[in-house]
2 protein chains.
Amino acid sequence: MKILLVEDEPKVSAFIKRGLEEEGFEVEVAYDGRFGRQLALSHAYELIILDVILPYFSGLEVLEAIRAQDQQTPVLMLTALGTTQDKLHGFGGGADDYLVKPFDFPELVARVRALTRRRGQQAKSAVLQFEDLTLDSAAKTVTRAGQPLKLTAREFGLLELLLRHPGRVLSRAELAADVWEDSFDAGSNVVDVYVNYLRNKVDKPFPRKLIHTVVGMGYVLRAQE
Amino acid sequence: MKILLVEDEPKVSAFIKRGLEEEGFEVEVAYDGRFGRQLALSHAYELIILDVILPYFSGLEVLEAIRAQDQQTPVLMLTALGTTQDKLHGFGGGADDYLVKPFDFPELVARVRALTRRRGQQAKSAVLQFEDLTLDSAAKTVTRAGQPLKLTAREFGLLELLLRHPGRVLSRAELAADVWEDSFDAGSNVVDVYVNYLRNKVDKPFPRKLIHTVVGMGYVLRAQE
DNA sequence: CTTCAACCAGCAGAATTTTCATGGGAAAAG
DNA sequence: CTTTTCCCATGAAAATTCTGCTGGTTGAAG
């Protein structure tokens with residue numbers, strides 16, 4: 001994984017890039033706020049080092065754009081000013097560390113190491129919910145009314161799709177296309193069979209039914225009859 | 001959880017203590033290195049703020065004593081000197097951040113927040129635990145029900161990853177990506193083989209099984225069936 | 001009210017996929 | 001050079017997935 005360095009002064013950026021590369025990091029450089037923002041949003045970096053003073057967008061604006069879509073990647077801000085005003089603004093905006101120029105290179109390395117070392121796998125669990133039914137698509141767990149349900153892979157895929165579109169009627173073709181991908185036979189009743197399996201596990205043990213049949217159209221996830 | 005502040009100048013310590021308390025932190029103060037070390041080693045703190053210059057023991061000596069028995073608690077060093085020599089010494093000794101006196105109070109608060117926040121999110125303690133299974137990722141030791149287990153490097157890596165995400169189903173791809181890094185063949189069954197090795201050592205000798213397979217999805221660490 | 005066609009639920013066993021558990025050989029460590 | 005660790009390959013076992021079928025329901029036309 002790479003480090004993104006956004007710094008407009010060629011001397012400084014070259015110095016940092018070379019130094020970090022000697023320490024075994026891979027470094028990519030952007031020379032202005034516009035390009036920096038673009039790279040930061042389109043690639044995954046291990047760490048982003050942002051100068052505050054940049055052409056087009058300031059480092060703080062870039063930081064804001066990054067945090068709007070990604071909370072995870074650590075960001076280290078560089079500033080020529082030791083003014084606390086800036087520092088707080090940066091921390092408030094989601095920066096993980098701050099360094100005041102001029103800085104000692106070994107200190108930069110120390111902070112870079114601290115920030116990259118720390119990144120554990122932050123499991124982003126995308127949790128879908130409907131009524132008392134909960135599905136964690138990352139952890140692959142499902143619960144209803146607090147009770148864990150044991151589903152097979154197909155059942156899970158089917159329920160996930162239904163949960164992604166609560167209240168919407170999904171045709172057999174739509175369900176098959178998503179859950180069975182390309183390999184599915186139009187004349188088959190697999191979908192029906194699996195909806196049935198799902199009902200046995202998800203609806204049967206509970207009084208309120210969530211999976212409903214719409215004759216001639218398909219199936220829906222919804223509360224009432 | 002409290003913050004421990006080790007600072008001998010009464011004016012400074014009172015100022016910091018009051019200020020942090022206004023921000024909602026609980027603060028305990030020690031006025032010399034000896035007492036500071038004693039408190040740090042005998043209580044669990046959320047963060048320890050250490051002045052470098054102290055009576056009896058220096059802040060660096062206290063830090064060393066802390067790190068000898070606890071890698072986890074974040075430590076913020078305060079120094080009157082801006083000399084890089086000191087800074088590196090502190091980072092090398094295991095400090096998590098550094099602040100040069102005189103500092104702006106808001107900046108201290110910002111760094112304190114960063115350090116306490118980070119810890120909460122991460123919960124990346126060196127020792128992972130689940131049920132009666134314990135793994136110390138720093139010491140590379142594993143015990144179950146008090147008995148030490150002898151694992152190979154791969155087995156250890158695999159168990160560590162499972163232990164980091166208890167209850168979450170991890171796919172073979174996820175496991176392979178983390179434990180085998182880039183060098184792994186998708187068509188291989190290495191993961192299965194190593195899960196089997198792990199089970200022989202971790203689960204087989206014990207009545208309660210912890211590693212479970214979820215057919216079509218991957219493996220989980222969890223208590224029940 | 002009856003009939004008919006389309007549609008759907010549910011089952012049971014066959015087919016397929018996935019996983020387990022080994023043995024053996026290559027590579028690395030001691 | 002011996003031991004340990006690592007990985008591949010294989011067949012057996014287990015679990016899931018699918019097919020084909022029966023019977024029930026619905027709704028519209030006669």
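Just so you know, these numbers come straight off a predicted model, no measurement behind them.
Rounding to whole angstrom units, CG of residue A:L198 and P of C:dG10 are separated by 12 Å. One can place CD of A:E155 at 14 Å from P of D:dA15, the figure rounded to the nearest angstrom. Remark: P of D:dC6 and CG of B:L151 are 10 Å apart, rounded to the nearest angstrom. What separates CH2 of B:W180 from C1' of C:dA27 is a distance of 16 Å, to the nearest Å. Rounded to whole Å, the distance from OH on B:Y194 to C1' on D:dT4 is 10 Å. Taking atom NZ of residue A:K201 and atom C1' of nucleotide C:dG10, one finds them 15 Å apart after rounding to whole Å.
Residue pairs meeting the salt bridge (Lys or Arg N to Asp or Glu O under 4.0 Å) criterion with at least one member in residues 187-205 of chain B, sequence neighbours excluded, are B:R144-B:D203, B:E155-B:K201, B:R172-B:D192.
B:D51 places no side-chain N or O within donor-acceptor distance of the main-chain N or O of B:L54, the cut-off being under 3.5 Å.
Ranked by how close their nearest DNA chain C nucleotide is to the 5' end, B:G216 and A:V214 are led by A:V214. Along DNA chain D, the nucleotide closest to B:A153 and the one closest to B:V215 are compared, and the more 5′ of them pairs with B:A153.
No cation-pi contact links A:R154 to A:Y194, judged by a cut-off of 6.0 Å to the six-membered ring centre and 45° from its axis.
Around atom NZ of A:K2, no more than 12 heavy atoms belonging to other residues, nucleotides or ligands sit under 6.0 Å away. Atom CZ of B:F206 has more than 12 neighbouring heavy atoms from other residues, nucleotides or ligands inside a 6.0 Å radius.
Between A:I49 and the choices A:V29, A:L20, A:V75, the side-chain contact (heavy atoms from CB on, under 4.5 Å) rule is met once, by A:L20.
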Under-3.5 Å N/O pairs linking protein and nucleotides 20-24 of chain C:
unit_1, atom_1, unit_2, atom_2, d
C:dC20, OP1, B:R199, NH2, 2.2
C:dC20, OP2, B:Y219, OH, 2.7
C:dA21, OP2, B:N196, OD1, 3.0
C:dA21, N6, B:N189, ND2, 3.3

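You'll find the side chain of B:T143 stays beyond 4.5 Å of the side chain of B:D136, heavy atoms only. The closest side-chain heavy-atom distance from A:I16 to A:V27 is not below 4.5 Å.
A:L151 contributes atom CG, which lies 11.0 Å from atom CD of A:E160 (distance to the nearest 0.5 angstrom).
At the phosphate of C:dT17, neither OP1 nor OP2 sits under 4.0 Å from any side-chain N or O atom of A:R154. At the phosphate of D:dT17, OP1 or OP2 sits under 4.0 Å from a side-chain N or O atom of A:T152. Residue A:S188 places at least one side-chain N or O under 4.0 Å from the OP1 or OP2 atom of D:dT19.
Inter-axis angle, ends of the helix from C:dC1-D:dG30 to C:dG30-D:dC1, five pairs per end, rounded to 10 degrees: 30°.
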